[in-house]
Amino acid sequence: MKAFGRRWLLRSAPLLAIAAALPWALRGTTPATAGSPVPGEPRLPLALPGMDGHPFDIGAERGRVVLVYFGYTHCPDVCPSTLADLRDAVGRLGPDAERVRVVFVTLDPRRDTGPLLADYLVSFTPEAGAPFVGLVADEAALAASARAWGVTWRSAEGGAYLDHSSVVTAVGPDGRARLRYGFSQSADPAALARDVEGLIHGA
Amino acid sequence: MARDGAALRAAAGIAGLAAAAAAAASLRDPLASMASYTGALMALNQLVPPLLLAALPRSRSAAVGAAAVLFDPILSLATFGALSAAVSLPGLLNPTLAGALYAAPLGALELLTGLMIWAQVMPATRRIHADWRVALLVWVGTLPMTVVAVVWMMAPAVIYTPYLDVICRWDVPPLVDQKWAGFVMLVAGMPLQLAAAWVLLGLGESTTARRPGDTGRCAA
């Protein structure tokens with residue numbers, strides 16, 4: 001009987017171990033930010049033509065938080081809802097909105113011309129702060145930039161649509177990529193605004 | 001007859017390896033929908049294991065003996081249930097633990113835990129003789145998977161981020177994709193759940209012949 005009890009105790013060890021670890025395993029700590037930290041906080045290159053024809057270089061944006069998103073204007077749902085969330089987040093920043101730049105890089109440069117992109121982004125202009133910046137690159141430059149930012153995409157339905165990674169990357173005032181937001185993370189503008197304020201004020 | 005059995009086992013093994021290779025290739029697509037990604041994980045978890053285990057001979061080979069610890073019923077129950085819940089609902093976990101889990105090869109983990117739970121059922125590796133005990137273990141073990149599948153199908157928001165990226169797909173919005181992924185998971189877990197419930201409710205004949213002196217206790 002004793003041997004039987006010992007055997008079952010040993011065999012129950014995995015269950016007991018899982019039960020003992022549950023308090024820690026289940027939400028032991030709350031993340032400090034809504035966005036996920038970018039490992040290594042790299043300086044990612046982004047120097048592409050803007051929708052107005054002028055070159056844009058993220059290196060010239062030091063002192064600002066830059067929110068970078070790759071998408072396309074014919075996107076049926078995820079891109080416009082992400083841009084709307086960014087607009088709402090920037091709108092919550094008050095005077096700090098002046099220290100934020102939202103950059104939208106089109107993954108569909110054949111259709112998204114500069115004027116078309118400008119018209120599209122006007123509808124996402126925040127109440128305060130700078131209008132969104134659109135970037136239109138040639139295929140080779142776009143591929144290099146997207147690769148650096150960890151964005152993949154492919155044509156679908158004969159080029160009518162794209163499938164693509166949907167990630168907002170927040171670059172701190174020091175030019176380092178600090179936080180990244182998947183679709184559901186950027187869907188909370190209040191939390192996103194808190195993160196941006198933290199980056200602006202060096203938290 | 002024995003030759004037929006060997007041929008069937010070989011065919012099952014080849015089919016299992018082919019299904020594993022196809023699922024692993026599917027997992028490498030960075031723009032796969034959540035539903036197809038879940039389908040690949042479920043193939044590794046619920047389709048490949050019975051095929052591979054069916055390829056093993058029933059005789060107590062050295063390999064089966066060596067796997068006795070890995071296929072321990074209680075360990076299998078705990079590991080399968082915990083991984084099913086942790087992979088599918090990472091938001092419940094400590095972020096450090098969730099990050100570590102998602103840095104691991106999920107496909108390999110799903111295959112491993114799938115082998116563990118199916119080993120309780122398949123003849124070559126089964127160690128519990130009483131059908132109702134096996135059925136109870138399998139039913140309890142696969143319950144978290146069914147619950148998670150229902151949560152995914154009913155959730156009003158996308159819940160699997162940030163540990164898996166949401167893909168902007170032209171043909172399916174993220175929330176709908178998540179619902180389909182939940183449906184795929186539900187269907188994948190259904191055969192074991194239904195078979196276990198069938199036995200527990202006493203609706204079928206016992207498939208395991210009772211041997212003289214068999215008390216129904218675990219053989220280990």
Side-chain angles (χ1 to χ4, degrees), chain A residues 4 7-8 10-19 21-32 34-37 39 69-72 74-82 107 150-157 160-167 179-188, chain B residues 28-34 36 69-70 72-83 85-86 89-103 116 127 140-141 155-178 217-218 220:
Chain A
F4 179 79
R7 194 179 72 196
W8 273 97
L10 279 173
R11 299 184 70 195
S12 303
L15 281 179
L16 295 174
I18 287 176
L22 273 183
W24 173 81
L26 295 179
R27 276 275 168 215
T29 57
T30 305
S36 303
Y69 185 71
F70 289 71
Y72 69 114
H74 290 75
C75 178
D77 43 31
V78 173
C79 301
S81 35
T82 301
L107 292 167
V151 171
T152 52
W153 80 103
R154 69 180 165 217
S155 178
E157 285 293 279
Y161 298 102
L162 300 175
D163 294 335
H164 65 93
S165 322
S166 181
V167 176
L179 298 168
R180 69 194 298 276
Y181 299 82
F183 178 68
S184 59
Q185 289 168 293
S186 60
D188 183 351
Chain B
R28 294 175 63 85
D29 178 4
L31 294 175
S33 68
M34 192 62 195
S36 65
V69 174
L70 178 66
D72 178 87
I74 302 296
L75 178 64
S76 299
L77 170 71
T79 310
F80 185 87
L83 188 86
L89 297 173
L92 294 177
L93 296 178
N94 179 306
T96 307
L97 182 62
L101 177 65
Y102 273 80
M116 291 171 82
R127 297 172 64 197
V140 172
V158 177
I159 54 179
Y160 54 83
T161 56
Y163 302 104
L164 285 177
D165 281 342
V166 173
I167 304 301
C168 174
R169 301 262 313 183
W170 74 274
D171 53 350
V172 56
L175 188 57
V176 176
D177 195 12
Q178 176 174 280
R217 282 188 186 146
C218 181

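Because only heavy atoms are used, hydrogens play no part in the values below, and waters and symmetry mates are left out as well, while side chains stay in. Just so we're on the same page: letters track the sequence lines, and every chain starts at 1.
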Does any non-hydrogen side-chain atom of B:W170 lie less than 4.5 Å from one of A:D163? yes
Heavy atoms only: give me the nearest B:L31-A:R154 pair and the separation to one decimal. O-NH2, 3.2 Å
Side chains of B:P173 and A:V78: does their closest heavy-atom pair fall under 4.5 Å? no
Applying side chain to side chain donor-acceptor pair (under 3.5 Å), can you list everything that pairs with A:D77, at least two apart in sequence or on another chain? none
For A:W153, the ring pair (Phe, Tyr, Trp, His ring centres under 6.0 Å) test, sequence neighbours excluded, returns none
Tell me, side chain or backbone of B:A157 under 4.5 Å from chain A's heavy atoms, or both, or neither? neither
Side chain from CB out, backbone as N, CA, C, O: work out which of these in A:T152 comes under 4.5 Å of a heavy atom of chain B, or both, or neither. both
With a 4.5 Å cut-off on heavy-atom pairs, point out which of A:P76, A:A187, A:S166, A:G182 contacts chain B the most. A:S166
Does atom OH of A:Y161 have more than 12 heavy-atom neighbours, drawn from other residues, nucleotides or ligands, at distances under 6.0 Å? no
